[in-house]
Novice: 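Pasting a structure here, questions to come.
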Amino acid sequence: MIDRFLYLVSEGIRSLWRTKTTALATISAIGIAASFVVFSAVVGENISGIIQIARGQYEFQVFFSEDVDNIRAAELVDQIDAIEGIKSASLITKEEAADIFQREFGENIFDLLEENPLPPGSVLKLQQPKDKRIDVNPIIKQIELVEGVDEVRYQGRLISFIERYYEGFFAAVTALAAAILFGTVILISNTIRLSIYARRDLIRILKLVGATDRFVRFPFMIEGILEGFFGSLVAAAVSYGFVEGSNYFLSLFTQYRLVWQFQIVALLVGVIVFFSFVGSMRAVRKFL
Amino acid sequence: MISFKNVSCTFEDGAGIENATFNIEPGEFVCIIGPTGAGKTTFLKLIYMDIFPEEGTVGVDKYRSDKIKKRSIPMLRRRVGMVFQDFELLRDRSVFDNIAIPLHVQGVGMKMVKDEVENVLDRLGISDRRDHLPSQLSGGEQQIVSLARALVKDPLIILADEPTGNLDPAASLKVIELLEEINRDGTAILMATHNFSLVKDRGYRFMQIVDGEVQT
């Protein structure tokens, strides 16, 4: 059994070598195309980290009505805290509002007005779902519906900008990856088709001496999988070059560096090998 | 071992065989003669079940053409050795590798493959050619390699389709003598040829295909 397996694997490698020009073209095409996916994924993962930091800065300030006292304000904060999408809500009492006023303007509100007209309020932090756009509008609407809320302030433009590009970027990378994986299936399938054509004498002889369909197909499957594997290694190498090149470029004007992520490359190798298997299977089922 | 019962298999151009009934027993040496296009190859293809009869039944060992499942055809072919006029060798593989193919197909271990191939190389007297490519051999030697490939799997019968068709007289005689030697060791031989003069006085059982009719 092991001997037969080793023989078939060696046949697959021999087949790859025999059609080396076509195989090289396929490996290069897969490698270069997939390197864009790896590079985009690495950049995306890095940007994702930056965006998470930016999201951590999202802050809503809620001002309650003047007639809301600190006890009522605490109840309102609990109510707001329960709204979906809110990570935390902290109470700013009238006294704390006065302290903030003093820190920001350097004046004591009691000295100025002999009373504290500042309403209590709340500072909210949002949850940070990864790989998902945060839509602040429904959250704002729900907060505004709470009785006693006078005004909600937030960095609307900044949040919209970040969220719009974050979602668009991931959609583009996903579409690119899907297109390249589909291309991989077609490329591998066509290469195996050519290989089947080039080796029709062998196929005929194998069938005449009693080879099963599985035995005849196996080396072609190995060939396709190897092409995908080598293609993904090329992609890893090329995208590593991209990352290093980008870091050199970034070093000219910032301290920020893209981080090379082995997990992304390993995942890509696995995915491409799987789709190569699919492409090979497609070809042998269709043409053998 | 091989039985044809009322077998008909014809083609659009009229070639083929009609209503053939006969048996071939283990250890026989049978020669099918007839002109080119008479249906000799059809006859052999029916035996290794590359084609199936329109009527009647072909039986080979325990396999019957009307009952065999597609997945059993490879098992049947492992019991039948085949030799062709144009040798059907892989040009990019050595003599050893060509002969070893049927053993790899059967899942024989590497050590056993080596022993079996070397045995058959010795038996057919081509040990000194084991590492040659087919292109480095004469036509006669290539046909002997083809014969070795058929023989290495210890078949019940060897089907030889015009095995001397591309060979000079000396090489033809050598191949015929090797087939006879293999037959003396117990393997049945069924050889198709249009060269009656080569085989007429050798004591074989003859079958002739005339206008699709198999005369035994």
Side-chain angles (χ1 to χ4, degrees), chain A residues 1-24 26 191-227 280-281 283-288, chain B residues 41 44-45 47-50 60-61 63 69-84 86-94 97-114 116 134 145-146 148-156 158-161:
Chain A
M1 194 68 179
I2 290 173
D3 282 339
R4 192 193 309 217
F5 177 75
L6 291 176
Y7 175 77
L8 290 172
V9 170
S10 72
E11 281 293 305
I13 295 167
R14 194 195 284 245
S15 175
L16 189 69
W17 181 249
R18 195 170 294 118
T19 53
K20 51 188 171 293
T21 311
T22 321
L24 198 62
T26 304
T191 310
I192 297 300
R193 182 185 178 178
L194 286 174
S195 188
I196 289 170
Y197 184 74
R199 297 176 69 203
R200 58 196 183 285
D201 289 346
L202 172 67
I203 294 165
R204 181 177 141 70
I205 289 167
L206 285 174
K207 290 196 167 178
L208 285 175
V209 299
T212 57
D213 285 349
R214 198 180 296 174
F215 187 96
V216 176
R217 288 172 177 173
F218 195 89
F220 292 106
M221 302 293 300
I222 294 287
E223 185 184 341
I225 288 168
L226 285 176
E227 281 170 357
S280 310
M281 185 70 95
V284 295
R285 282 187 183 274
K286 209 167 169 183
F287 304 112
L288 262 180
Chain B
T41 300
L44 299 180
K45 282 184 171 178
I47 295 174
Y48 62 84
M49 297 196 189
D50 195 33
V60 180
D61 196 22
Y63 303 99
K69 292 194 167 93
K70 190 169 176 273
R71 65 171 181 273
S72 297
I73 293 174
M75 306 306 131
L76 156 74
R77 291 183 181 169
R78 290 177 192 184
R79 307 293 291 133
V80 177
M82 281 172 254
V83 178
F84 299 93
D86 54 1
F87 322 129
E88 300 277 9
L89 298 176
L90 295 173
R91 319 304 298 171
D92 60 344
R93 297 192 191 204
S94 68
D97 288 342
N98 267 284
I99 297 171
I101 289 172
L103 299 176
H104 289 305
V105 163
Q106 290 180 31
V108 175
M110 295 294 184
K111 170 81 173 63
M112 184 78 98
V113 168
K114 188 170 177 290
E116 294 285 325
V145 174
S146 173
R149 187 183 60 198
L151 188 61
V152 75
K153 57 184 178 177
D154 192 22
L156 292 170
I158 290 179
L159 308 178
D161 190 3

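Predicted model, so just to flag it, every value in this text is computed and none were measured. The sequence lines fix the lettering, A, B, ..., with proteins before strands; numbering per chain opens at 1.
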Novice: For A:K20, look at atom NZ and say whether over 12 heavy atoms of other residues, nucleotides or ligands are found less than 6.0 Å away.
Specialist: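 Enclosed: over 12 neighbouring heavy atoms sit under 6.0 Å from NZ of A:K20.
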Novice: Pick whichever of B:K111, B:Q106, B:R78 has the most heavy-atom pairs under 4.5 Å with chain A.
Specialist: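 Most heavy-atom pairs under 4.5 Å with chain A: B:R78.
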Novice: Check whether B:R71 gets within reach of chain A through its side chain, its backbone, both or neither, counting any heavy atom under 4.5 Å.
Specialist: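 It is neither, since no heavy atom gets under 4.5 Å.
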Novice: Is chain A contacted by the side chain of B:K153, its backbone, both, or neither, given a heavy-atom distance below 4.5 Å?
Specialist: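 Contact with chain A is through the side chain of B:K153 alone.
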Novice: Tell me the closest heavy-atom pair linking B:R93 and A:R14, and the distance in Å.
Specialist: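 For B:R93 and A:R14, the tightest heavy-atom pair comes out as NH2-CD, 3.5 Å.
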Novice: If I take atom CD1 from residue A:I205 and atom CD1 from residue B:I101, how far apart are they, to the nearest 0.5 angstrom?
Specialist: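 One finds 6.0 Å between CD1 of A:I205 and CD1 of B:I101.
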Novice: Just wondering, do A:D201 and B:R91 contact through their side chains at under 4.5 Å, heavy atoms?
Specialist: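 SC-SC contact between B:R91 and A:D201 ruled out.
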Novice: I'd like to know if the side chain of A:R4 and the backbone of B:V105 have a donor-acceptor N/O pair within less than 3.5 Å.
Specialist: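 Such a contact is found between A:R4 side chain and B:V105 backbone.
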Novice: By a 4.5 Å heavy-atom criterion (distance strictly below it), what part of A:L202 contacts chain B: side chain, backbone, both, or neither?
Specialist: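 Both parts, backbone and side chain.
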Novice: Kindly compute the distance separating CG (B:D92) from CZ (A:R199), expressed to the nearest 0.5 Å.
Specialist: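 Nearest 0.5 Å value for the CG-CZ distance: 8.5 Å.
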Novice: For chain B, which residues from residues 207-221 of chain A lie under 4.5 Å away (heavy-atom distances)?
Specialist: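 Interface residues of residues 207-221 of chain A: A:K207, A:L208, A:V209, A:G210, A:A211, A:T212, A:D213, A:F215.
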Novice: Side chain from CB out, backbone as N, CA, C, O: work out which of these in B:M110 comes under 4.5 Å of a heavy atom of chain A, or both, or neither.
Specialist: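 For B:M110, backbone and side chain are both near chain A.
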Novice: With a 4.5 angstrom heavy-atom cut-off, which part of B:L76 approaches chain A: side chain, backbone, both or neither?
Specialist: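 Contact with chain A involves no heavy atom of B:L76 at all.
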Novice: Tell me which of these, B:A150, B:P155, B:P102, has more heavy-atom pairs under 4.5 Å with chain A than the rest.
Specialist: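 If we count pairs closer than 4.5 Å to chain A, B:P102 comes out on top.
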